[in-house]
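Below is one structure, written out as structure tokens; the observations come after it.
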Amino acid sequence: MHVIFSLLAVIVLIAIAYAGVAGAGMTYLFGVVIPYAAVITFFLGLILKVLKWGRSAVPFNIPTTCGQQKSLPWIKPNSVDNPTSTGGVLARMFFEVLTMRSLFRNTKLDYRVAHGQPVIRQGSEKFLWLFAILFHYSFLVVLLWHLRFFMEPVPKLVGVIEALDGFFEFGLPQLLLSGVILVAMAGALLDRRLRMPNIRYISLTSDYFPLFLIMGIGITGILMRYLLRVDITAIKELTMSLAVMKPVIPQAPIDPLFYAHIFLVSVLFAYFPFSKLMHMPGVFMSPTRNLTTNSREVRHVNPWNYPVKTHTYDEYEEDFRDLMIEAGLPVEHNPAEEAAAAEGGGEAAEAEPEAPEEKKE
Amino acid sequence: MYNAGKIITGLVIFVVIFTLPLWWQVGKAAPPAPKPELPKTAKVCVEDTAYMRTSHMQLLNDWRNAVVRDQDRVYVGKDGKKYSMSLTNDCMACHNDKKKFCDQCHNYLAVAPYCWDCHLTPEQVKESK
């Protein structure tokens with residue numbers, strides 16, 4: 001149900017763009033208005049959501065650790081997996097963001113029946129990490145060489161990335177591996193969701209939709225580059241006019257496939273702040289990763305703590321001292337006795353506070 | 001807000017990186033669209049303009065394969081006219097100025113075709129003689 005709905009949603013989105021451009025000729029709407037609106041939604045939505053996250057406190061010191069905590073001097077601490085300094089936290093975040101370390105260390109429950117006996121083990125899940133990291137890095141490379149449509153002159157680095165990506169020089173235009181890997185890995189991640197019953201059980205529309213959307217973007221892109229062919233000079237005229245904020249629809253016709261592609265990208269941008277894709281800023285803000293593991297050294301005070309109104313025993317005695325002395329009740333400070341003790345010498349006065357101490361508790 | 005300094009710094013870095021194409025060329029006019037100079041001698045190419053604009057590189061790739069692998073040097077255009085499959089001798093007989101024709105769009109889109117690793121432009125041919 002979730003799968004079919006997501007797939008249909010993406011197909012309908014493509015159909016909308018096709019119908020809007022090829023049928024109704026709304027090139028300005030799909031080429032300018034919607035992309036701008038989507039990008040504004042992306043930035044505003046993301047910033048507002050991150051600020052909202054920033055307003056919520058971290059009530060506990062809750063880093064997850066994968067190594068020995070710093071304790072006695074002769075026990076070797078693991079300063080990256082269990083960091084007690086800012087440098088250690090930066091190192092852990094570096095590996096988390098760039099190598100997806102916690103996903104690499106992820107385990108999955110492995111249940112199988114062997115010799116008629118059920119066996120439950122913790123198995124490694126390296127393929128998930130492999131698919132995920134290839135997916136993310138190929139997406140990054142695809143984004144980077146798309147800069148050639150938004151910058152003039154195109155930075156040298158973009159050309160270098162594109163040359164490396166098309167290293168094998170398959171066909172003309174040269175096959176860029178990143179695009180193929182991106183779609184293939186999205187497919188592999190989708191396949192994993194569909195094939196593993198426990199993962200499928202917890203998968204929702206919000207899991208399938210972004211996958212189908214990204215696959216749709218990748219496939220329309222691949223079709224434009226290698227198979228159906230579009231006029232990229234005209235496309236760059238449009239995208240450059242968007243980048244310099246003086247939008248113009250070029251005179252040379254652009255294939256509706258391009259508008260389908262840019263419409264799917266717009267949907268991705270607009271959907272981003274309201275989806276699971278917010279793990280992009282979220283990874284930087286996960287307390288289990290970015291807090292120092294110094295729970296034994298530093299007291300972590302919950303900033304949420306309500307300022308509780310207290311009335312201590314001292315204040316209580318202050319209110320009722322005279323009445324208490326009059327009734328013969330023991331008090332911690334008896335002005336009359338203290339005055340007498342001061343006259344009689346220091347020894348008695350020093351000994352006195354010890355007895356009332358018990359009363360306090 | 002908690003850790004406001006770090007969060008806002010992070011957001012600023014994010015916005016600066018993600019809006020690179022906007023501030024890189026802020027206030028500039030969109031660069032003029034490339035205008036490849038069309039040959040004065042001929043009016044028609046081997047295929048129609050729309051096809052040539054989008055797919056000339058695939059045509060040239062097919063030509064290369066046909067000539068190099070199958071020794072097939074004759075291309076029959078849509079109108080039935082026969083052409084010799086040669087970049088330097090045929091294409092560049094009409095489109096004789098690489099800078100004014102090929103490079104116009106290629107530079108605009110940062111495309112670096114490897115045609116010229118082997119092929120010579122008519123000027124280079126003249127120089128070599």
Side-chain angles (χ1 to χ4, degrees), chain A residues 39 42-43 46-47 50-58 143 145-156 158-159 162-163 169 171-174 224 226 228-248 250-253 255 280-281 284-285 290 303, chain B residues 1-36 47 49-65 87 102-115 117:
Chain A
V39 168
F42 170 72
F43 281 107
L46 189 140
I47 289 169
V50 168
L51 292 179
K52 187 183 162 198
W53 287 344
R55 280 196 293 276
S56 55
V58 179
L143 278 178
W145 59 248
H146 268 81
L147 280 178
R148 77 183 174 118
F149 291 111
F150 295 94
M151 294 172 92
E152 178 65 34
V154 181
K156 285 272 182 326
V158 174
E162 205 170 331
E169 297 190 344
L172 253 185
Q174 288 157 24
M224 274 196 288
Y226 308 104
L228 300 180
R229 310 292 310 147
V230 292
D231 184 352
I232 57 169
T233 311
I235 287 173
K236 183 156 183 183
E237 279 177 52
L238 172 60
T239 51
M240 277 311 295
S241 77
L242 292 178
V244 297
M245 305 263 199
K246 290 166 189 132
V248 188
Q251 285 178 328
D255 197 282
M280 180 183 81
F284 295 98
M285 300 184 80
N290 68 14
Chain B
M1 203 161 115
Y2 305 94
N3 296 314
K6 285 175 192 162
I7 291 174
I8 289 168
T9 310
L11 283 175
V12 168
I13 292 171
F14 155 75
V15 171
V16 167
I17 292 176
F18 274 68
T19 54
L20 172 76
L22 294 182
W23 55 260
W24 190 265
Q25 42 220 351
V26 70
K28 281 186 203 164
K35 285 200 176 57
E47 296 286 338
T49 314
Y51 177 82
M52 292 311 288
R53 272 181 78 107
T54 60
S55 308
H56 61 276
M57 71 297 288
Q58 289 185 335
L59 181 82
L60 289 171
N61 199 36
D62 290 343
W63 281 19
R64 193 261 316 258
N65 292 348
L87 176 65
C102 306
D103 290 350
Q104 285 289 315
C105 295
H106 289 167
N107 289 349
Y108 185 60
L109 287 151
V111 177
Y114 54 64
C115 310
D117 290 3

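Order of the sequence lines fixes the chain letters, A, B, ..., with proteins taken first and strands second; residue numbering starts at 1 for each chain.
Residue contact with chain A, scored on non-hydrogen atoms closer than 4.5 Å, involves the backbone and the side chain of B:Leu109 alike. For chain B, the nearby parts of A:Leu51 are the backbone and the side chain; heavy atoms of each come within less than 4.5 Å. Contacts of A:Phe149 with chain B are made by side-chain atoms alone, with heavy-atom separations under 4.5 Å and no backbone atom involved. In this structure, no portion of B:Tyr51 lies under 4.5 Å from any heavy atom of chain A. Proximity to chain B (any heavy atom under 4.5 Å) is restricted, for A:Lys246, to the side chain, taken from C-beta onward. Neither the backbone nor the side chain of A:Ala163 comes within less than 4.5 Å of any heavy atom in chain B. Heavy atoms of A:Leu147 lying under 4.5 Å from chain B belong exclusively to its side chain.
In B:Trp24, the CH2 atom is not crowded: 12 or fewer heavy atoms of neighbouring residues, nucleotides or ligands sit closer than 6.0 Å. Within a 6.0 Å radius of CD in A:Glu169, more than 12 heavy atoms belonging to other residues, nucleotides or ligands are found.
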Check residues 25-36 of chain B and write down every donor-acceptor pair under 3.5 Å in which the side-chain atom is one partner and the other belongs to a residue at least two apart or another chain.
residue : atom : partner  : partner atom : Å
B:Gln25 : OE1  : A:Glu152 : N            : 3.4
B:Gln25 : NE2  : A:Phe150 : O            : 2.4
B:Gln25 : NE2  : B:Pro21  : O            : 2.9

Criterion side-chain contact (heavy atoms from CB on, under 4.5 Å) on B:Leu11 and A:Leu46, from CA distance to verdict = CA-CA 9 Å; B:Leu11 283 175; A:Leu46 189 140; 4.2 Å; yes
| message | I'd like to know whether B:Asn3 forms a side-chain contact (heavy atoms from CB on, under 4.5 Å) with A:Met285, so could you lay out the CA-CA distance, the side-chain angles of the two residues, the decisive distance to 0.1 Å, and finally the verdict. | response | CA-CA 10 Å; B:Asn3 296 314; A:Met285 300 184 80; over 6 Å; no
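Among all heavy-atom pairs drawn from A:Ala234 and B:Arg53, the shortest one is N-NH2, 4.3 Å. Here the closest non-hydrogen pair linking A:Thr233 and B:Tyr108 is O-CE2, 3.9 Å. In this structure, B:Thr54 and A:Val230 approach most closely via the heavy-atom pair CG2-C, 3.4 Å.
Expressed to the nearest 0.5 Å, how far CZ of B:Phe14 lies from CE of A:Met280 amounts to 4.5 Å. Note that the CD1 atom of B:Ile7 and the CD1 atom of A:Ile47 stand 13.0 Å from one another [nearest 0.5 Å].
Listed options B:Asp62, B:Asn107, B:Leu20 were ranked by heavy-atom pairs under 4.5 angstrom with chain A; first place goes to B:Leu20. Contact count versus chain B (heavy atoms, under 4.5 Å) is highest, among A:Arg229, A:Arg55, A:Lys52, for A:Arg229. Among B:Ala50, B:Ser55, B:Ala110, the residue with the largest count of heavy-atom pairs under 4.5 Å with chain A is B:Ser55.
Ring geometry for B:Phe18 against A:Phe43 counts as perpendicular: the plane angle is over 60°, on a 0 to 90° scale with 30° as the lower cut.
Remark: the backbone N or O of A:Tyr226 is paired with a side-chain donor or acceptor of B:Gln58 at under 3.5 angstrom.
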